[in-house]
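A short worksheet on the structure shown next.
Throughout, protein chains are lettered first and strands after them, A, B, ... in sequence-line order, and every chain is numbered starting at 1.
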Amino acid sequence: MSALQLQTLCSTFAVFRAAEVRDHGFKLASGLAVLDDALAGGVALGTLVEWGVPLGRGGRHIILKYLAAANRGLALKADYPILWAYPDSALGLNPPAWQALGINLRHIAFARTNTPMHDLKAALLDPYYRLVVFDMPLGLSRDDYAFLARQARTLQKIIFVLHNQLLTDARGNAFAKLRFNGTRSPFDPAKIIVTPVRGLPPQPLVLQLEGML
Amino acid sequence: MSERSRDQTAPILPYLAIATTEIIGAAATMALSPKVMHWSPSVWLIDLRPTRDYWTMQAQRRGIKVAALLQMVWAEALGQGTQTGSLVFAPCPWQALLLSAHLNERGLSGPLELREPFSQALLRQLSWPVWFAVARDYAAALTQSKSCRFDEKRFHSDLNHLERAVVRLGQQHPAQMVDAKHQAFRRRFGDHIARLWQWTFAGVSDGVHAAATKQAAFAFAEEEVFASGFPWVQAVVTARPSVVRQLEYPVWSWDQLVADFTTDLDLLADLPALASGAAVLRLEWILHLEDLSDCLVNIRFRHPHSLRAERGEQKTVLIQACHSFEAVYLQRCKDAAQIAPAPLIGWNLVAASCLARPSTAISLFGEVGAVGEDMAAAMRIDNRLQIALERYQVTSDWVAESAFTKVGAGDLDVGGAATEPAAKPWAALAARRPLYIYAEPRVLGGHETPTKAAFIERTGEVWWQKPEGTSLERNYFLIEHRSGQRSWATRGEAGEWWVHGLFA
């Protein structure tokens, strides 16, 4: 068997496997083909994912794609409720924009807190919120990440931690299975470049998003 | 979303007056809310705010109006063969009482909600004799509440003065004087009558609920009913379910007492008053300390919580109790600068506020956990968290700051107002607006010049709410900073940039 045939077989198998897990509802797909294919179908339940998505640089569009997919029950087979924690600062939410981007406000609860680990512990200990997002959390410690990873694994949650700066290899995080940076392409503002920092080969993934500002 | 389904999911108005000729105990009225007042021999006044979210969620789940659901619960609480009487829901207790008396006079029955045009028309047909009769009940209630600043003789004298004025002016209905200012009433008839007048048509005089008027008149925050001037006297149930614990040895820390406390919660759940399906909204945990002092720890729940549903585990109560214990007992020790705080030698655990669902209603509504997995889980987490979660609903408004409202867990409208055809332009507008906005726009520093600026929208101000001389429109731009960050900004008159939000 030639290398090309082997590669074709492997990729066919990967697609088949991705479809299989999607059918069994084990993964959350974003609906962005390039990213979902790279993740063999999506982000698996039970995963802690760290994102370097500076605010205003487009990266959060990817996260919102996941949220909209979770709302639609895409791959998870049910419209799971979402918990979004954000810091208590001068910045407040603009819910109409979230709804316009496909988020069902009925299935998302927001927590405005500077101490999310303390204030939201009960929600993390309960399986109800299957998708939990910590946006710009202040001072998460190594123990906090260990706790988040454990809760994600044991309760089959997907936990996203969004940082307001890009992630680097210099400060690793052993508890996050996947680490990505996501920013708008400097050459084409309609594209987002996702760079894996951990969990996938470091080749940038170029995602085309419609109607992104 | 159709008008009918929107109506069904609308949150219930906070005050309910029930007029009935039957003799009813306070326990039956507590099937709807623990905050109950026996206004007069035939009228009960119920403050639905503590259980408003709960009932709205229940009604949403069953696809019926909240008022209809509460009428069913009320009928179940009374039992078969008892007349339910008329139910009137209003944003203010005074309006609920007036409308209830008016219904009684005309031989009509409820349920009525004052947000409906029919109910508002009925209120406008209210006669002066009914108004005066309810005002006399108000005086009796104020006297009963032992309000120190209330002069009953003076009130009746002012009321007689108003009666004579009404006769002299040939007025039949209060609605004929709807334009009269309450300040004018204060000058002529005193504070109390002016307040009653202010409450009478607040929000309904022009046929619509004017939010600003409503807020001013009905700002009855929790525990502030007296501050508003309304004479609220809580009906008391003779025996509140309680469990007393005498510890065999003194304890200092949470870890030492948690086992006994859990046992007591189970004992409390088994008491007849709670075993019949009642759910708890507040527990009073009175700690007895070795120095013979007591320390009160309030354990509150955002939704009615069933102790029986968590028998043997009592996780929800333990989470709340642990935080309240640390906040009260340990803080007390810190405040007293005690190196070794006075240990606990016992406690009294009291179910201070309960939603006394009747046993017959359990088959209809089930325990909290059986109502629906999603709803039960959402309520369970809300009860366990230290902070209240925020939930939002979109409104039909073009101004970014007022295009949404914060709602309770039970107030969420499916899809929100944005699904109405009239709201489509606003939904399209929202797609070009940022995820996060500042409450007040921030000026961009002089050295920060955007590298790009693209016009997005021109938004008109709510000019009738703004002081004269302010700009009537805002031009919004997408600006890009050197770092690549994109903001939503307006331009000031001097050409400076004001950042109002940040894009995703």
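- Taking chain A as the reference chain and counting heavy-atom pairs below 4.5 Å, the highest number among B/Gly501, B/Gly484, B/Ala431 is found for B/Gly484.
- Top candidate by heavy-atom pairs under 4.5 Å with chain A, chosen from B/Lys315, B/Glu440, B/Glu390, B/His481, is B/Glu390.
- Between B/Arg433 and A/Asn94, the shortest heavy-atom distance links the atoms CB-ND2, 3.7 Å.
- For A/Ala123 against B/Leu385, the heavy-atom pair with the smallest separation is N-CD2, 3.7 Å.
- Checked against B/Leu435 for a side chain to side chain contact (heavy atoms under 4.5 Å, CB included), the options A/Leu101, A/Leu91, A/Leu93 give a single hit: A/Leu101.
- Looking at B/Arg432, the atoms closer than 4.5 Å to chain A (heavy atoms on both sides) sit in the backbone and in the side chain alike.
- Heavy-atom minimum distance, A/Ala122 versus B/Ile319: CB-CD1, 4.3 Å.
- Once rounded to the nearest 0.5 Å, the distance linking CD1 of B/Ile387 with OG1 of A/Thr115 reads 7.0 Å.
- With a 4.5 Å cut-off on side-chain heavy atoms, A/Pro189 and B/Arg486 count as touching.
- Both the backbone and the side chain of B/Ile437 come within contact range of chain A, with heavy atoms under 4.5 Å apart.
- Looking at heavy atoms from C-beta onward, A/Tyr86 lies in side-chain contact with B/Tyr436 at the 4.5 angstrom threshold.
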Set out, in order, the CA-CA distance, both residues' side-chain angles and the distance that settles side-chain contact (heavy atoms from CB on, under 4.5 Å) for B/Gln386 and A/Thr113, then state yes or no. CA-CA 10 Å; B/Gln386 291 309 295; A/Thr113 170; over 6 Å; no
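- Two residues are said to be in side-chain contact when any heavy atoms from C-beta on lie closer than 4.5 Å; B/Ile381 and A/Leu83 fail this criterion.
- Neither the backbone nor the side chain of B/Thr316 comes within less than 4.5 Å of any heavy atom in chain A.
- What you find for B/Ala430 and A/Ala100 is that their closest heavy atoms are C-CB, 3.9 Å.
- Counting heavy atoms from C-beta on, the side chains of A/Tyr129 and B/Leu389 come closer than 4.5 Å.
- Atoms CG and CZ, on A/Asp126 and B/Arg380 in that order, are 4.0 Å from each other to the nearest 0.5 Å.
- Across A/Leu55 and B/Gln485, no two heavy atoms sit closer than the pair O-NE2, 3.0 Å.
- B/His323 touches chain A through its side chain: at least one heavy atom from C-beta onward sits under 4.5 Å away, while N, CA, C and O do not.
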